[in-house]
Amino acid sequence: MDHYDSQQTNDYMQPEEDWDRDLLLDPAWEKQQRKTFTAWCNSHLRKAGTQIENIEEDFRDGLKLMLLLEVISGERLAKPERGKMRVHKISNVNKALDFIASKGVKLVSIGAEEIVDGNVKMTLGMIWTIILRFAIQDISVEETSAKEGLLLWCQRKTAPYKNVNIQNFHISWKDGLGFCALIHRHRPELIDYGKLRKDDPLTNLNTAFDVAEKYLDIPKMLDAEDIVGTARPDEKAIMTYVSSFYHAFSGAQKAETAANRICKVLAVNQENEQLMEDYEKLASDLLEWIRRTVPWLENRAPENTMQAMQQKLEDFRDYRRLHKPPKVQEKCQLEINFNTLQTKLRLSNRPAFMPSEGKMVSDINNAWGGLEQAEKGYEEWQLNEIRRLERLDHLAEKFRQKASIHEAWTDGKEAMLQQKDYEIATLSEIKALLKKHEAFESDLAAHQDRVEQIAAIAQELNELDYYNSPSVNARCQKICDQWDNLGALTQKRREALERTEKLLETIDQLYLEYAKRAAPFNNWMEGAMEDLQDTFIVHTIEEIQGLTTAHEQFKATLPDADKERQAILGIHNEVSKIVQTYHVNMAGTNPYTTITPQEINGKWDHVRQLVPRRDQALMEEHSRQQQNERLRKQFAAQANVIGPWIQTKMEEIGRISIEMHGTLEDQLNHLRQYEKSIVNYKPKIDQLEGDHQQIQEALIFDNKHTNYTMEHIRVGWEQLLTTIARTINEVENQILTRDAKGISQEQMNEFRASFNHFDRDHSGTLGPEEFKACLISLGYDIGNDPQKKTGMMDTDDFRACLISMGYNMGEAEFARIMSIVDPNRIGVVTFQAFIDFMSRETADTDTADQVMASFKILAGDKNYITLDELRRELPPDQAEYCIARMAPYTGPDAVPGALDYMSFSTALYGESDL
């Protein structure tokens with residue numbers, strides 16, 4: 001028996017001894033005790049399916065007395081004797097008295113023989129001893145217990161009622177208002193207290209006793225007439241009756257407390273489940289968008305025209321400007337929600353949230369990385385395709401010009417080579433035909449370069465996958481075939497003329513000289529016209545200046561060319577002069593060439609007309625390149641400011657996240673103001689986007705004035721927004737952790753100072769050895785031997801710790817701590833994980849055992865709980881939540897509909913599966 005039990009026995013058993021001997025002889029008191037003690041015993045015996053009628057007779061054999069003690073104590077007594085003899089009855093009563101004595105109760109003048117003999121006084125005294133020990137002694141109110149505790153409880157509960165003054169357990173209860181006040185205080189709906197009158201004690205007492213029996217399961221232990229008709233009601237009877245009220249209402253209070261605890265736990269679980277569902281949906285939607293977008297970005301099907309490719313580029317700009325930014329925000333919000341959920345789970349002592357397969361934050365980051373990689377490759381491909389199509393258009397136009405010029409030159413050449421004019425010609429005519437043929441061969445050789453150029457252009461168009469390559473190839477093949485045929489026909493005609501040359505001798509040297517000089521000059525003019533009409537592509541000022549210089553050099557050759565033209569025309573004039581002078585039959589014609597002075601003059605005039613056109617085209621292109629250069633410099637001027645600004649802000653955010661200026665709320669306000677200033681910078685990014693769009697529309701592909709591209713700026717801006725949002729979320733989680741764990745600002749500053757001291761590379765994380773040293777600096781002892789964690793180490797222990805193991809970190813204990821702070825085994829410890837670990841050491845959170853104990857109270861100490869009990873004690877939505885998740889109870893004492901609250905409680909904390 002401990003000191004508490006001993007003290008209570010000495011205080012409340014000993015003083016009653018003399019009082020019992022003198023006052024139990026009062027018939028009124030004896031009647032009250034008989035009735036009260038009998039009702040009290042039956043209130044417990046009915047749990048075992050029995051009752052007593054006569055208190056001194058029904059306990060004589062000791063059987064029901066032992067049963068009563070088993071019911072009220074919850075313990076098993078020794079096996080009773082089943083015999084009918086007196087010795088058997090005395091043995092049973094002694095077993096009961098021995099059990100009472102084992103509970104620290106000193107029995108005075110109560111023997112088994114007196115109980116067996118039916119001694120009323122001894123029997124009532126024994127029952128009072130049992131009531132005092134098991135119903136009153138354990139009552140405790142504000143450091144008072146037993147009788148004083150019960151009296152104090154009554155006084156506190158009836159204090160608001162002006163006409164009730166409880167000072168004792170006899171005359172204070174005669175008017176019945178004390179009983180009614182207790183009921184009304186706890187269950188106001190059962191009694192209309194305002195209608196009660198102090199001068200009507202019988203009505204008051206009967207009301208209280210009837211309501212208690214009907215609604216509170218307290219049997220009627222006294223009659224109102226017994227109390228009213230007695231000058232001083234029996235104190236023991238009143239105490240017994242009042243203790244039943246105390247136990248009835250204290251049990252309801254425990255049930256309410258248990259229900260509140262369960263409601264709190266279930267509310268946390270429901271909120272966390274909703275957050276998990278929200279995360280899963282947001283992650284699924286984001287991954288689905290990425291899944292749909294990546295194939296579009298990976299589509300490299302080429303277009304045939306510049307217009308189609310520019311439309312693709314415009315679609316890509318819409319994606320970067322309109323579709324992607326909201327998804328960037330969703331991704332950032334998803335990470336914030338995930339971190340907040342994990343923090344709430346840790347603070348509520350729940351297991352960490354593990355998203356569905358493929359929906360981890362790392363999975364989303366990997367998918368996002370694949371999206372950005374595809375995006376980067378897509379933009380590069382588009383720009384390369386635009387360059388390719390631009391090159392193709394230029395080559396195709398050049399091919400058409402050269403082919404048209406060549407086809408115009410070859411037109412009629414085959415027919416001319418197939419003529420038989422030498423058969424009827426005179427000797428002079430034959431010689432003229434031969435010379436003419438030589439001039440043609442010279443002209444043919446001069447056109448060889450153009451044919452080779454046409455074939456080379458066609459080959460390049462094929463290599464660049466030109467969409468109309470079949471048409472180009474067909475035309476090129478036709479030109480080559482015709483060229484081969486011209487070569488064959490030319491050779492055949494030369495052979496015919498040489499055979500006839502012996503027969504024909506006359507030739508006009510002037511015609512020959514004219515033909516020889518006119519042919520290359522004509523070819524030069526055709527080349528000049530071709531060059532002057534040739535299209536060009538340039539991307540820089542230097543390139544257009546090079547073309548301009550070449551054009552000026554060409555113009556410098558025009559005076560010499562004009563002299564050559566005049567010389568050729570002079571030869572023709574000399575021929576005409578000879579014809580006129582000597583009346584030559586072929587006057588006016590040149591048998592050696594088809595080039596007439598009119599053609600030379602016409603082409604010369606055409607060349608002179610093309611020169612100023614070329615000048616104008618070069619000037620316009622020079623102006624365009626100057627505008628492009630202005631666009632480059634305009635973009636570079638902004639990019640060279642914005643790029644370093646973003647880098648500076650990133651570094652400043654990193655410093656803010658590790659500095660300790662003010663409270664966490666001050667840091668949070670500072671970060672939010674910082675975030676606002678960053679968001680206010682967005683118009684400059686948009687302005688730079690506009691300049692970049694102008695550059696792309698102008699087909700500018702490089703910029704020597706800056707190393708920053710728009711892609712660099714975009715990525716840096718997105719990282720800046722994500723970093724400030726993540727840093728704000730970390731501080732919010734630190735505030736949530738601090739408030740939930742009761743960490744003071746000084747402790748938080750100490751944790752941050754230690755963390756920053758060992759974070760030597762200012763990365764915001766600690767490696768395993770840095771983390772180990774940080775724990776030691778805070779006085780956290782991590783050894784291999786189990787010991788009490790006081791949070792401090794003395795000097796000798798710390799020195800021995802450092803010398804023996806290099807910071808004295810026991811491998812087993814340190815591995816356990818690292819598994820907590822670095823569950824993903826990435827090799828570093830974040831400040832949030834560090835704070836969670838340090839705060840967890842003193843955490844006072846709900847546990848599975850506490851929830852299990854609360855359910856046991858609601859179940860009335862049973863190992864299972866029923867549907868009705870859940871719906872009676874819990875709010876409807878949380879009751880149905882439990883019913884939907886609790887497994888059926890399968891124990892040996894199971895009843896239909898029984899539910900297993902034990903496995904449900906462990907599942908709430910991750911110790912088993914729901």
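For the single chain, residues carry numbers from 1 onward in sequence order. What's counted below: heavy atoms across the whole structure, side chains too, no hydrogens, waters or symmetry copies.
- Annotation for Ser43 and Pro219: closest pair CB-CG, 3.6 Å, computed over non-hydrogen atoms.
- Not a single salt bridge (Lys or Arg N to Asp or Glu O under 4.0 Å) links Glu53 to another residue, sequence neighbours left out.
- Taking Tyr241 as the reference, Phe179, Phe209, Phe245 meet the ring pair (Phe, Tyr, Trp, His ring centres under 6.0 Å) condition, with sequence neighbours excluded.
- Identified under the side-chain hydrogen bond (donor to acceptor under 3.5 Å, both in side chains) test for residues 66-80, with sequence neighbours left out: Glu75-Lys103.
- Aromatic ring centres of His247 and Trp40 lie farther apart than the 6.0 Å criterion allows.
- The ring pair (Phe, Tyr, Trp, His ring centres under 6.0 Å) search around Tyr215 returns none, not counting sequence neighbours.
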Q: Please step through side chain to side chain contact (heavy atoms under 4.5 Å, CB included) for the pair Asp234 and Leu222, ending with a clear verdict.
A: CA-CA 11 Å; Asp234 179 59; Leu222 289 171; over 6 Å; no
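- The CG atom of Leu45 lies 9.5 Å from the CG atom of Asp58; values are rounded to the nearest 0.5 Å.
- Taking NE2 of His44 as the start and CD of Gln51 as the end, the distance is 14.5 Å to the nearest 0.5 Å.
- In terms of the salt bridge (Lys or Arg N to Asp or Glu O under 4.0 Å) criterion, residue partners of Lys35 (sequence neighbours excluded) are, by chain and number, Asp223, Asp226.
- At a threshold of 4.0 Å, the pair Glu30-Arg34 counts as salt-bridged, since one of the basic side-chain nitrogens sits closer than that to a carboxylate oxygen.
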Q: Could you please spell out the steps behind the side chain to side chain contact (heavy atoms under 4.5 Å, CB included) verdict for Leu182 and Trp153?
A: CA-CA 10 Å; Leu182 286 178; Trp153 178 79; 3.9 Å; yes
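- Here Ala181 pairs with Thr158, Tyr161, Val164, Tyr193 under the side-chain contact (heavy atoms from CB on, under 4.5 Å) rule; sequence neighbours left out.
- Between Val71 and Ala48, the closest heavy-atom pair is CG2-CB, 4.0 Å.
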Without placing hydrogens or testing angles, list every side-chain donor-acceptor pair under 3.5 Å for residues 81-89, not counting sequence neighbours.
{"residue": "Arg86", "atom": "NH1", "partner": "Asp117", "partner atom": "OD1", "Å": "2.6"}
{"residue": "Arg86", "atom": "NH2", "partner": "Asp117", "partner atom": "OD1", "Å": "3.2"}
{"residue": "Arg86", "atom": "NH2", "partner": "Asp117", "partner atom": "OD2", "Å": "3.4"}

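- Scanning for side-chain hydrogen bond (donor to acceptor under 3.5 Å, both in side chains) contacts around Glu213 gives an empty result, with sequence neighbours left out.
- Not counting sequence neighbours, Asp868 has no partner by the side-chain hydrogen bond (donor to acceptor under 3.5 Å, both in side chains) test.
- Checked against side-chain contact (heavy atoms from CB on, under 4.5 Å), Val268 has the following partners two or more places apart in sequence or in another chain: Asn272, Ser348, Arg350.
- Applying the ring pair (Phe, Tyr, Trp, His ring centres under 6.0 Å) criterion to Tyr864, with sequence neighbours excluded, gives Tyr889.
- Sorted by first then second residue, the side-chain hydrogen bond (donor to acceptor under 3.5 Å, both in side chains) pairs that include residues 168-177, not counting sequence neighbours, are Asn168-His170, Asn168-Ser172, His170-Arg232, Asp175-Lys198.
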(Q) With side chain to side chain contact (heavy atoms under 4.5 Å, CB included) as the criterion, how do Leu69 and Ile72 come out once you've worked through the C-alpha distance, each side chain's angles and the decisive distance to 0.1 Å? (A) CA-CA 5 Å; Leu69 290 172; Ile72 63 178; 4.1 Å; yes
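- How far CD1 of Ile127 is from CD1 of Ile115: 7.5 Å, rounded to the nearest 0.5 Å.
- Across all their heavy atoms, Ala78 and Lys95 have their closest contact at CB-CD, 4.0 Å.
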Q.
Could you go through Ile865 and Met886, starting from their C-alpha distance and side-chain angles, then the distance that decides it, and tell me whether this counts as side chain to side chain contact (heavy atoms under 4.5 Å, CB included)?
A. CA-CA 10 Å; Ile865 193 166; Met886 282 188 182; 4.1 Å; yes
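- Between Ile262 atom CD1 and Asn269 atom CG the span is 12.5 Å, to the nearest 0.5 Å.
- Donor-acceptor pairing under 3.5 Å is lacking for the side chains of Tyr901 and Glu869.
- A distance of 14.0 Å separates CD1 of Ile55 from CZ of Arg60, quoted to the nearest 0.5 Å.
- By the 30° and 60° cut-offs, the orientation of the rings of Tyr279 relative to Phe353 is perpendicular.
- Rounded to the nearest 0.5 Å, atoms CG (Leu275) and NZ (Lys344) are 5.5 Å apart.
- Contact record, Gly111 with Leu97: C-CD1, 4.1 Å, taken as the closest heavy-atom pair.
- The minimum heavy-atom distance linking Ala112 with Asn94 is given by the pair CB-OD1, 3.1 Å.
- Smallest separation of non-hydrogen atoms from Ala267 and Gln878: N-NE2, 3.5 Å.
- At a threshold of 4.0 Å, the pair Arg197-Asp199 counts as salt-bridged, since one of the basic side-chain nitrogens sits closer than that to a carboxylate oxygen.
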